[in-house]
Amino acid sequence: MSAPASAASSQAATNNLEAFWMPFTANRQFKQAPRMFVSAKDMHYTTSDGRQVLDGTAGLWCCNAGHSRPKVVEAVQQQVAQLDYAPAFQMGHPKAFELAARLAAMMPSPLDHVFFTNSGSESVDTALKIALAYQRAIGQGTRTRLIGRERGYHGVGFGGISVGGIVNNRKHFGSMLTGVDHMRHTHDPDRNAFSRGMPESGAEYAEDLIRIIQLHDPSTIAAVIVEPVAGSTGVLIPPKGYLERLREICTQHGILLIFDEVITGFGRLGSPFAVDHFGVTPDLVTTAKGLTSGVVPMGAVFCTSDIYQAFMDGPAHMIELFHGYTYSAHPVACAAALGTLDTYEDEGLLTRAADLAGYWEDGLHSLKDCPNVIDIRNLGLIGAVELDPIAGEPTKRAFSAFLKSYDDGILIRTTGDIIALSPPLIITKGQIDELFGKLRTVLETID
């Protein structure tokens, strides 16, 4: 093949959109009118046609420090040239231990051990496996049941979709894991619509865990997993007292409590973690996304010293936990995470949302009078605008808002007929005004 022909063939392959089966995407719609980002810096993406788009979602809840931040970029560039990969099985590299120590120091005691993964989905499956193995290690082998929550999102592994409670994420994939049950969700628009921050009503929904415990017997339940703030289902804020009551019930019955902080972790609520924000300490915490500000895939599971020490018996040369990933503590991911933590620390980003939360809340709730808005929810730098669905065409109104927003220069996320917002923590008040000003125009324009 001649050089020009080869180049033409390569170009044709590059421009062929069919090969990529896109995740969580209306593939046919997208490929008829592609929306392409080609670069990103700080608060903005640049599209293939040269337009600037304000990032109202931190990518996918993950770019908490913004885009192309210098310390993260430099750390990754240096690491890939120095040590591109090192196995984590029976071997180590310094940055893995440095990162684990820094992360453990950020969590309240006794959450002082860290297991590295590559995504939120892997973090959830890891935490579930650790919970089951721990119960067996302490002589509670009958505790095999896992409890999630309706409308919960815990990634897309079979463990995560089993304890998760979003119907479309489950219904196509068979019977899931056995031995799983679900508490009622906390969404109560009749009492809590347009709440500012945590709703006053609904702490009693934690008592649904008692119903499940009585149904199955506590001696069969290993762990309960919840998102402190349910994100992907449409930003459901926990009622006041709800998380505290879950902790009490789990402690009373010997059940481990897992917080899924893949979204709430690393500054989203105005504290380093939801653990700090709510003052409730679980036994395991799953994280990912903001750990590296989305630059390199990585996750981390925090566990208490009691859980870790329960495995540290038997001969010293024996593997204590038969679990892990080829890319656990990948050197480049660790470098990205350390650069991200440096950026958070230098710029005070892990608590910056607390300073902006009131301004964010006021701007978000100013949209209450827009057409078709039936609820608004917020906490920290998270927000949701729920729209009245079009009769017989669920999700269409919010998707129309998504498309119009992209055309108008803002990136939002939709789930069902809910618009979810979670900007990078570097957002300014002027950019908050721009985001909500343009969103108002969108909501007043769409049918």
A side-chain contact here means heavy atoms from C-beta on lying under 4.5 Å apart; do [X] and [Y] qualify?
X      : Y      : value
Leu17  : Pro34  : yes
Pro424 : Asp55  : yes
Cys250 : Arg247 : yes
Leu243 : Phe259 : yes
Pro108 : Val275 : yes
Gln135 : Leu256 : yes
Thr264 : His277 : no
Thr441 : Lys438 : no

Checklist line | Reference residue Lys404; test side chain to side chain contact (heavy atoms under 4.5 Å, CB included); the match among Leu439, Ile412, Ile410, Val442 | finding: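 So, applying the side chain to side chain contact (heavy atoms under 4.5 Å, CB included) to Lys404 and each of Leu439, Ile412, Ile410, Val442, only Val442 qualifies.
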
Note to self: Against Arg377, only a single residue in Asn192, Ile237, Ile382 fulfils side chain to side chain contact (heavy atoms under 4.5 Å, CB included); can you say which?
What the structure shows: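 Checked Asn192, Ile237, Ile382 against Arg377; only one passes side chain to side chain contact (heavy atoms under 4.5 Å, CB included): Ile237.
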
[atom1]-[atom2] distance between [X] and [Y], expressed to the nearest 0.5 angstrom:
X      : Y      : atom1 : atom2 : value
Ser400 : Ile390 : OG    : CD1   : 6.0 Å
Thr233 : Glu227 : OG1   : CD    : 8.0 Å
Met198 : Asn378 : CE    : CG    : 12.0 Å
Leu403 : Phe30  : CG    : CZ    : 11.0 Å
Leu99  : Leu338 : CG    : CG    : 5.0 Å
Asp181 : Ile213 : CG    : CD1   : 11.0 Å

Margin query: Here's one to test your reading of the geometry: is the NZ or CZ of Lys368 within 45 degrees of the ring axis of Phe194 and under 6.0 Å from its centre?
Written below: yes

Notebook entry, point to check: Does the cation-pi check pass for Arg268 over Phe273, that is, NZ or CZ under 6.0 Å from the six-membered ring centre and within 45° of its axis?
Noted result: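 Verdict for Phe273: no cation-pi partner in Arg268.
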
In terms of heavy-atom contacts, does [atom1] of [X] have more than 12 from other residues, nucleotides or ligands at under 6.0 Å?
X      : atom1 : answer
Lys396 : NZ    : no
Asp447 : CG    : no
Tyr327 : OH    : no
Arg136 : CZ    : no
Phe158 : CZ    : no
Lys429 : NZ    : no

Would you check if the side chain of [X] reaches a backbone N or O of [Y] as a donor-acceptor pair within less than 3.5 Å?
X      : Y      : result
Thr251 : Glu248 : no
His182 : Ser162 : yes
Thr415 : Ser232 : yes
Glu207 : Glu204 : no
Arg143 : Thr220 : no
Arg413 : Ala420 : no
Arg397 : Asp417 : no
Gln431 : Ile427 : no
His253 : Ile255 : no
Thr287 : Val262 : no

NZ/NE/NH1/NH2 to OD/OE distance under 4.0 Å, [X] and [Y]:
X      : Y      : value
Arg440 : Glu444 : yes
Arg102 : Asp342 : yes
Arg196 : Glu361 : yes
Arg69  : Glu347 : yes
Arg211 : Asp208 : yes

Next item on the list: Determine, stepwise, if the pair Asp283 / Ile258 fulfils side-chain contact (heavy atoms from CB on, under 4.5 Å).
Entry: CA-CA 6 Å; Asp283 303 289; Ile258 305 170; over 6 Å; no

Compare every heavy atom of [Y] with every heavy atom of [X], then report the nearest pair and how far apart it is.
X      : Y      : value
Pro238 : Pro199 : O-CD, 3.5 Å
Leu387 : Ala398 : CD1-CA, 4.1 Å
Val163 : Val180 : CA-CG1, 4.0 Å

Next item on the list: Take Arg191 and Asp188, measure what salt bridge (charged side-chain N to carboxylate O under 4.0 Å, His left out) needs, and give me the verdict at the end.
Entry: CA-CA 6 Å; Arg191 293 193 294 172; Asp188 190 349; 2.6 Å; yes

Check: When you look at Thr47 and Asp49, which way does the side chain to side chain donor-acceptor pair (under 3.5 Å) test go after all the steps?
Finding: CA-CA 5 Å; Thr47 67; Asp49 56 354; 2.2 Å; yes

Note to self: Between Phe115 and His323 (judged by ring centroids, cut-off 6.0 Å), do the two rings come close enough to count as a pair?
What the structure shows: yes

Next item on the list: Assert yes or no for the condition that the ring centre distance of Tyr45 to His67 is strictly below 6.0 Å.
Entry: yes

Show me the donor-acceptor pairs within less than 3.5 Å that the side chains of residues 291-302 make with the rest of the protein, sequence neighbours left out.
{"unit_1": "Thr292", "atom_1": "OG1", "unit_2": "Gly294", "atom_2": "N", "d": "3.4"}
{"unit_1": "Thr292", "atom_1": "OG1", "unit_2": "Val296", "atom_2": "O", "d": "2.6"}
{"unit_1": "Ser293", "atom_1": "OG", "unit_2": "Asn64", "atom_2": "N", "d": "3.3"}
{"unit_1": "Ser293", "atom_1": "OG", "unit_2": "Ala65", "atom_2": "N", "d": "3.0"}

Side chains of [X] and [Y]: do they bring a donor and an acceptor to under 3.5 Å?
X      : Y      : value
Thr286 : Asp260 : yes
Gln52  : Thr46  : yes
Asp306 : Tyr134 : no
Thr25  : Asn27  : no

Notebook entry, point to check: Which is it for Tyr308 and Asp112 under the side chain to side chain donor-acceptor pair (under 3.5 Å) test, yes or no, and what are the steps along the way?
Noted result: CA-CA 9 Å; Tyr308 176 79; Asp112 51 12; over 6 Å; no

Check: Would Leu443 and Ile419 count as a side-chain contact (heavy atoms from CB on, under 4.5 Å) if you check the C-alpha gap in whole Å, the side-chain angles of each, and the deciding distance to 0.1 Å?
Finding: CA-CA 11 Å; Leu443 293 174; Ile419 295 169; 4.0 Å; yes

Next item on the list: Apply side chain to side chain donor-acceptor pair (under 3.5 Å) to Asp346 and list each qualifying residue two or more places apart in sequence or on a separate chain.
Entry: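 Once residues adjacent in sequence are excluded, the partners of Asp346 under the side chain to side chain donor-acceptor pair (under 3.5 Å) criterion are Lys71.
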
